[in-house]
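Throughout, a chain's letter reflects where its sequence line sits, starting with A, and its residues are numbered from 1.
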Number of protein chains: 2
Amino acid sequence: MSNTKVLPLLEPEAPAAEAPCCPPLAERPFTAEEAERTAKMFKALGDPVRLRLFSLVASHEGGEACVCDISDVGVSQPTVSHHLKKLREAGLLTSERRGTWVYYKVAPSVVAAMGQMLALPREGA
Amino acid sequence: MSNTKVLPLLEPEAPAAEAPCCPPLAERPFTAEEAERTAKMFKALGDPVRLRLFSLVASHEGGEACVCDISDVGVSQPTVSHHLKKLREAGLLTSERRGTWVYYKVAPSVVAAMGQMLALPREGA
DNA sequence: TGCCTATATTGACGTGCGTCAAATCAGCTG
DNA sequence: CAGCTGATTTGACGCACGTCAATATAGGCA
């Protein structure tokens with residue numbers, strides 16, 4: 001019980017601290033700085049190949065996938081790596097090397113924050 | 001009761017029929033076609049100026065604003081018009097001319113669809 | 001009709017981005 | 001160590017995009 005990961009209470013390699021990103025888009029106008037920061041996340045999903053890669057990772061078992069499992073999206077392997085890097089830089093994915101392979105997994109808090117931004121007030125309110 | 005808009009049960013100029021866009025990103029891998037279509041919406045919000053414009057419209061009373069009310073985002077007037085067109089083409093905004101002014105309003109169903117795409121399965125599931 | 005304001009369109013310019021081939025780095029295995 | 005596979009980085013190319021000034025269109029008003 002010493003080297004096995006029994007207590008994932010805190011994960012050192014996951015940033016997991018970008019939660020205070022932004023309010024819902026309809027709550028108040030975004031400041032220039034908020035918009036600058038947030039636009040990067042939306043832009044990361046604004047490419048068809050990246051969207052497929054993200055979907056492949058997110059729909060994989062445990063929200064995690066090896067690069068070799070998701071490289072069949074119609075572009076060259078360096079291009080896949082390039083897009084995965086973009087998604088990682090945007091905070092949407094995290095990567096971890098395990099032996100020969102590199103695994104990417106979704107960053108749930110960041111994705112959830114994006115979803116909350118798109119929440120609109122109820123019609124009746 | 002003839003020319004006043006008393007029954008907005010169906011709005012002819014609003015598309016309002018893009019609901020069957022895509023499943024949640026984590027449900028199954030996106031097809032190339034789904035990714036192509038969806039990426040346009042995320043790309044539309046992937047620019048800081050557009051994000052501010054969208055936020056300005058969404059946070060305005062009734063989710064609707066005149067162009068003159070939201071043109072102060074640091075770029076020229078033609079650029080504002082260009083970005084609003086992009087948001088409209090992406091289906092996120094609709095526009096309507098009322099006399100001298102043009103009003104933009106959010107397309108709630110499309111925004112809601114984007115939000116649902118970002119819904120992740122619960123950790124325990 | 002003519003003028004003024006509001007918004008959209010056109011055309012041009014520079015930058016950013018997606019893409020690939022080639023080279024490099026990382027880790028396993030013989 | 002050599003050699004192999006998986007993944008990233010580098011460099012180059014072409015296209016798409018954000019931006020603006022200039023122009024055009026639309027609608028009110030004198």
Hey, is the side chain of [X] poking within less than 4.0 Å of OP1 or OP2 on [N], counting only N and O atoms?
| X | N | value |
| --- | --- | --- |
| A/Tyr104 | D/dT8 | yes |
| B/Lys43 | C/dC17 | no |
| B/Thr79 | D/dT19 | no |

With sugar-phosphate meaning primed atoms plus P, OP1 and OP2, does [X] contact a base, only sugar-phosphate, or nothing at under 4.0 Å between heavy atoms?
| X | answer |
| --- | --- |
| B/Thr100 | sugar-phosphate |
| B/Val49 | sugar-phosphate |
| A/Arg98 | nothing |
| B/Tyr103 | nothing |
| A/Arg88 | nothing |
| A/Ser81 | base |

By nearest-nucleotide position on DNA chain C, the 5'-leaning member of A/Arg97 and A/Gly74 is A/Gly74
Mapping B/Trp101 and A/Gly99 to their closest nucleotides on DNA chain C, which lands nearer the 5' end?
-> B/Trp101
Roughly how many Å is it from [atom1] in [X] to [atom2] in [N], rounded to a whole number?
| X | N | atom1 | atom2 | value |
| --- | --- | --- | --- | --- |
| A/Arg50 | C/dG16 | CZ | C1' | 12 Å |
| A/Lys85 | D/dA7 | NZ | C1' | 12 Å |
| A/Leu53 | D/dT8 | CG | C1' | 15 Å |
| B/Leu84 | C/dA6 | CG | P | 16 Å |
| A/Lys86 | D/dT8 | NZ | C1' | 15 Å |

Could you walk me through whether A/Glu64 and A/Arg98 pass salt bridge (charged side-chain N to carboxylate O under 4.0 Å, His left out), step by step?
-> CA-CA 12 Å; A/Glu64 168 179 285; A/Arg98 289 209 286 273; 2.6 Å; yes
Under a 4.5 Å cut-off applied to non-hydrogen side-chain atoms, are A/Lys40 and A/Lys43 in contact?
-> no
Contact check, side chains of B/Arg88 and B/Ser95, non-hydrogen atoms, under 4.5 Å = yes
Between B/Pro78 and A/His82, which is nearer to the 5' end of DNA chain D once each is assigned its nearest nucleotide?
-> A/His82
Is the base of C/dA8 touched by the side chain of B/Gln77 through a donor-acceptor pair closer than 3.5 angstrom?
-> yes
